[in-house]
Each structure stands twice: as C-alpha cells, then as structure tokens.
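Right, one structure below, let's go through it.
A note on names: the letters A, B, ... follow the listed sequences, proteins ahead of strands, and every chain is numbered from 1. Note that this is a predicted model, so its numbers are computed, not measured.
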Amino acid sequence: MYGECGARSECWEVFNSMAEHDVVSWNSIMGVMANSQAPISESVEVFSNMMRSGLTPNEVTFVNLLAALSPLSVLELGKQVHAVVLKHGAIEDKAVDNALVSCYAKSGDMDSCEQLFSEMSGRRDAVSWNSLISGYIYNGHLHEALDCVWLMMHSDQMMDCCTFSIVLNACASVAALERGMEMHAFGIRSQLESDVVVESALVDMYSKCGRIDYASKVFNSMSQKNEFSWNSMISGYARHGLGRKALDIFEEMQQSGANPDNVTFVSVLSACSHAGLVDRGLDYFEMMEDGGILPQIEHYSCVIDLLGRAGKLTKIREYIKRIPMKPNALIWRTVLVACQQSNDSERIDLGREASRMLLELEPQNPVNYVLASNFYAATGRWEDTVKARAAIEGAAVKKEAGRSWVTLGDGVHTFIAGDRSHPNTKEIYEKLSVLIQKIRNAGYVPMTEFALYDLEEENKEELLSYHSEKLAVAFVLTRSSSGVPIRIMKNLRVCGDCHMAFRYISQVIGRQIILRDSIRFHHFEDGNCSCGDYW
DNA sequence: CAATACACCG
C-alpha cells in the first residue's frame, strides 16, 4: 500500500519490522525501489540478500530487478540478470522477456533486443513491440523504429496509446511533420486520438513541427487536459514567439483548477522571454516563489535570459548572487549569450567571466567554445576569437556543422554553409545573388560582425551570404513561386545577419517564411519576425 | 515490462 502511495521510507519501515520475508515481500520492496529510482547498486544488493536467504526468485522478482536497471541500463548487469533468468527457467514469461528487451534497449544493445524479440514470436504483446520501438528511438534509429511500426500495423498486434505516444514524441524531436501527421491519421483510424496522453503528444508534435495552428486545434478539442497538455500548449506558443497567447493559456490553466508546476513556470518565463515581456516575467517569478514553488536553477536561468534580452546586465549580476546553489553551465551560457547581444559597457567583463566559468565547468562541450568565440567576435576582439577557435581544436571536441533543410514533394533537401553539392547548385546560387541584390535595394546591409573569422570586409559578406538557411530559401524559390509559406529547419541557432536578411526576404517576395532553429520558430512576414528580434 | 511537458538540448 505504501509502495503505491510512493511513501518509500514507510515501506522500508514495515519491511524491516517483519519477522521473516517471503518472495512476495522481497518483490514488493524491489518494486518500490524501482519506482523510486533508487540507485541500481542498492536494488542489486537487495536481490543478493534475497538469494542469500535461500528463496527462489519468480517472474515478478525479475521484472522488478530489470525495472530497477532500466533508467540507465548497464549492459554487463543486464546480461548477468539475463543469465540468472535463464538459469531459473523464467524466460518463457512474457513480462520478464519484455523487461529484458527494454533493458537491452536502454543499454544500447539492439542486436540482443532483436534477437530476444524474434525468439518471442507467438507470445509478443503490445508492450514487446513498444519496448523494441522505443529502443530504436532511444538509440537514434528513427528509421528502424518507423519500419517496426509498419510491421506492427501489418501484424496481428494492434497499436495502442503507448505506441502513438512513443512515435509522436520521436517525430516531435526531429520535427518530422509528415510522419507525425501520418501517425495522427492512424490514431484516428484506431480511435486512439482521444487519449489524453496521445493528445498531449499531438499538441507537442504539431508545435515542434511548426504547425502551431494544428497544435491549438487539437488542444481546444480535448475533453480532458492534464498538466502535460497545458504545459505543452504553453511552451508551444512560447516557442513560436506567441508569448501573449502562452500567457492567456496559463491564465486559463489557473482558472480551470489545474496546478501549475515547476515545468509550467519554466514555460511561462520562457514565453515572457521570447515575447520580450521582461517585467511581466519578473512578476511571474515572484508569483511562483509566493505560490510555494521553490525556484530551481532552470528558473533562474530563465530570469537571466529575460534580463539579458532587456540588456540589464547589472540586474543579472544581482540575480546571480541570489541563486542559492552554485551557478552551473546553463547559467553561464545564458549570461554569455546575454553579454553577446547587449550593448552595455559591462558586457566585456561579465562575458569574460562567463566564458571562463563555462569552459572550466564544461570543457568537453563544443557548444561552449562556439559561444565563447561568437562572443569575442561580436565584441570585435579577434585575437580572443582565434584563441577560442584554437581551443576547440585543442580540446578535440567536435562541433556540429550548421545545417538547414526543407521538405518538398520529392523529399528532404539539406544544405550546409557554402554547399555546392546539390544537383541544382548553379540555379540556387544565381537565385540567391538576385535575391541578395533585391534586399540590398530594399535597405538590407550585411551584418558582418556575424562572420566568425577575422577577414577582409568583402570576404565576410560572401561567407555570410552562403549560410545554409539562405541557400535553403533560395532553393525553395527556384522550385515554387506559389504563395504557401516556406518552411525551413535549421539545427543551430540562426545568426543575426540571416535573421535580418530573412525579414527583408519575406518582404520582397511577399511570402511568409517559417524558420525553425535550435531554439524556437521564427515567423517572418512583411519584413517582420514573430520574435520581435528577441531570440 | 512500454507513454506525453521545460531548459540554448545531445
């Protein structure tokens, strides 16, 4: 009973007070440990004690033990448990097999997963399929996961709510709109779309795939909402720069009687930040503290982000002092970005401190070197930029190349900066040069401070003009002249120059451009962006 | 035994 209520210490109290333990009592306490994410070593210890007491483990024992390993499975441990399972002849049990599939998946051993799964033919259930599918996704094999979904659909196993939630989540994380819509259609056909988890996953998927309109449609049609649904919708609007709508939903959430949690406040603060509503954000931060929700380091990071957008560096210093814990890499990254974008004279010193702390705390993260070098480049200190660049080489960290992609009828087209590998390269570059001439006539001036190397002015302009997102937009224009919005995805943050250029482009071509970068969505229309140049 | 939200993410 205490286990079901999540009262871990009470469970142990009762367990320890028992004169003797049978298999059921051991199983129960192991179940409690798995649910409360106790350290793996403790669960293994309890299992050993049980074995030592001379009892024989049963199916439930193994399922609970494997569940304890599951959160961050260790392959060696999983294999050992597997061996013990085989010794006890428990392998014919569906739940134990499924737990093993899941355990191998989390350890990254998909070969063993597939092996086990194929041996289970005849006694597979939805959980077996879902474990395999989520295993593929967990290990980054989206393609195999989708193949598996297809196989599942054509097997005699029906997909269930979990299957949809798993796959929709994967579509959301790679912004695969078309796949997500297919899943939505299957869901409707299977009459699973009215499950609150599936619907929340749909809201999130549509918002992350750029269709905030569909996201809000699904959200409004929901008959029941839980905290995930509210949080998905709020963060969805925030991500699209629709801060006021996000705050409207937040108000509605409070009126509906749902309880905003710490995730809600991260979303709300980030909504204020994305919309440039600095004072309102600070009010909400106070409201959270008054409402008895203890601010986490993420909330402080949001507040610093908020102040950074308003260029209030002195206030940032104040808030850093107020953080009750030691500022982590997230905080310093946010501070560094704030300094990069500010015009305040304080930015040099504060930015220096932030970049020093950051590289000390996380020397292995390539993103930090890029941020440091961008900061120095933006402040015109080329010697330091060169040093930061050299440090990337020295630290042997691999930075991800900037990539943009678009999905047209004939598939996905990907571009990197200066890319000449596309079969239509010639037309794309011609189109781009015409486009740049047009926007220059409209008043665009290349912002060469965003070219990262210390080059002659002219070369910088050339480097900027071949950024991947500019190539992508030129490519779309070689293909279609209709009025539908142009949708571009980018893996990194959009640079200031591309952002400015896109504002002009939306104006001269009279089309809406929706650009998703690593942070959020930008809706460009008539020379303006939904982020209001806060991003 | 499988599932949904945040955070400049991995």
Side-chain angles (χ1 to χ4, degrees), chain A residues 31 34 59-60 62-70 93-106 120 124-135 137-138 140 159-170 172-173 192 195-205 207-208 225-236 238-239 260-271 273-274 296-302 304-305 308 328-338 340 364-368 370-371 374 398-400 491-493 517-520 535:
Chain A
E59 289 77 12
V60 179
F62 288 119
V63 169
N64 285 342
L65 179 58
L66 287 163
L69 303 186
S70 224
D93 184 82
K94 212 165 22 182
V96 175
D97 285 350
N98 289 343
L100 276 166
V101 168
S102 173
C103 188
Y104 276 122
K106 297 258 169 68
M120 287 172 69
R124 290 175 196 144
D125 59 10
V127 179
S128 328
W129 284 94
N130 293 344
S131 302
L132 184 66
I133 292 167
S134 81
I137 292 170
Y138 183 83
M159 289 192 279
D160 67 1
C161 295
C162 288
T163 321
F164 282 98
S165 312
I166 295 165
V167 179
L168 285 170
N169 179 244
S173 63
L192 287 170
D195 175 84
V196 68
V197 177
V198 171
E199 285 174 313
S200 304
L202 278 169
V203 170
D204 185 53
M205 182 278 289
S207 134
K208 286 186 178 155
K225 297 181 175 94
N226 64 15
E227 62 273 32
F228 284 82
S229 333
W230 290 105
N231 291 348
S232 295
M233 194 68 251
I234 293 171
S235 69
R239 187 177 295 119
D261 57 12
N262 53 347
V263 175
T264 314
F265 278 100
V266 171
S267 305
V268 167
L269 293 173
S270 110
S273 193
H274 285 309
Q296 313 280 308
I297 201 135
E298 292 88 344
H299 300 105
Y300 283 99
S301 154
C302 289
I304 291 174
D305 191 42
N328 62 4
L330 176 67
I331 295 284
W332 292 118
R333 247 195 309 274
T334 313
V335 173
L336 187 55
V337 172
Q340 186 193 319
Q364 76 296 344
N365 186 348
V367 170
N368 299 339
V370 176
L371 287 177
N374 284 359
K398 236 176 102 190
K399 128 179 154 54
E400 199 176 8
N491 63 338
L492 304 177
R493 195 185 151 89
D517 71 6
S518 56
I519 318 283
R520 54 168 294 156
W535 84 97

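Across B:dC6, B:dC1, B:dA5, the shortest atom-to-atom separation from the side chain of A:Ala95 is found for B:dC1. Across B:dA5, B:dT4, B:dA7, the shortest atom-to-atom separation from the side chain of A:Ala201 is found for B:dT4. Distances were taken from every side-chain heavy atom of A:Glu227 (C-beta onward) to each of B:dC9, B:dA5, B:dA3; the shortest belongs to B:dA5. Of all nucleotides listed (B:dC1, B:dA2, B:dA7), B:dA2 comes nearest to the side chain of A:Lys106. Picking from B:dT4, B:dA2, B:dA5 the nucleotide with the shortest atom distance to the side chain of A:Ile166 gives B:dA2. Residue A:Cys162 has its side chain nearest to B:dA2 when only B:dA2, B:dC1, B:dT4 are considered. Checked against B:dC1, B:dA5, B:dA7, the side chain of A:Phe228 finds its nearest nucleotide in B:dA5.
Across the protein-nucleic acid pair, A:Gln296 atom CD and B:dA5 atom P stand 18 Å apart, rounded to whole Å. In this structure, the NZ atom of A:Lys208 is 5 Å from the P atom of B:dA5, given to the nearest Å. In this entry the distance linking CZ of A:Arg493 with P of B:dG10 reads 17 Å, nearest Å. Across the protein-nucleic acid pair, A:Trp230 atom CH2 and B:dA5 atom C1' stand 14 Å apart, rounded to whole Å. Per the geometry, CG belonging to A:Leu371 stands 16 Å off P belonging to B:dA7, to the nearest Å. Spacing between atom NE2 of A:His299 and atom P of B:dC8 amounts to 11 Å, rounded to whole angstrom units. Atom CG of A:Leu132 is separated from atom P of B:dA3 by 13 Å (rounded to the nearest Å). Here B:dA3 presents its C1' atom at 11 Å from CD1 of A:Ile137, a figure rounded to the nearest Å.
Among the atoms of the strands shown, base atoms are found under 4.0 Å from some heavy atom of A:Ser518. As judged by a 4.0 angstrom heavy-atom cut-off over every strand, A:Lys225 is placed among residues making no nucleic acid contact. In this structure, A:Asp160 reaches the bases: a heavy-atom distance under 4.0 Å links it to at least one base atom across the strands shown. Nucleic acid contact for A:Asp261: base, since at least one base atom lies under 4.0 Å from a heavy atom of the residue. Heavy atoms of A:Arg239 sit under 4.0 angstrom from primed sugar atoms or phosphate atoms, though from no base atom. Within the 4.0 angstrom heavy-atom criterion, only backbone atoms of the sugar-phosphate kind lie near A:Asn64; the bases stay farther away. When heavy atoms are screened at a 4.0 angstrom cut-off, A:Val127 is found touching base atoms of the nucleic acid.
Side-chain atoms of A:Thr334 come within 3.5 Å of backbone N or O of A:Leu330 as a donor-acceptor pair. In this structure, A:Asn262 contributes its side chain and A:Phe265 its backbone to no donor-acceptor pair below 3.5 Å. In this structure, A:Ser102 contributes its side chain and A:Asn98 its backbone to no donor-acceptor pair below 3.5 Å.
Between A:Arg333 and A:Asn365 the shortest side-chain heavy-atom distance falls below 4.5 Å.
Judged as a side-chain hydrogen bond (donor to acceptor under 3.5 Å, both in side chains), and not counting sequence neighbours, the contacts of A:Ser273 are A:Asp305, A:Arg309. For the side-chain hydrogen bond (donor to acceptor under 3.5 Å, both in side chains) test, residues two or more places apart in sequence or in another chain that qualify with A:Asp160 are A:Asn130, A:Thr163.
Here, B:dC6 and B:dA2 have their C1' atoms 23 Å apart, quoted to the whole Å. Separating the C1' atom of B:dC9 from that of B:dA5 is a span of 15 Å, rounded to the nearest Å.
The phosphate of B:dC8 (OP1 or OP2) has a side-chain N or O of A:Ser301 nearer than 4.0 angstrom. Within the structure, every side-chain polar atom (N or O) of A:Arg333 is placed at least 4.0 Å from both OP1 and OP2 of B:dA7. Between A:Asn169 and the phosphate of B:dA5, there is a side-chain N or O to OP1/OP2 separation shorter than 4.0 Å. OP1 or OP2 of B:dC8 has at least one side-chain nitrogen or oxygen of A:Thr334 nearer than 4.0 Å.
A donor-acceptor contact under 3.5 angstrom links the side chains of A:Ser128 and A:Asp125, judged on distance only.
Checked by distance alone, A:Ser270 brings no side-chain donor or acceptor within 3.5 Å of a matching partner on the base of B:dC6.
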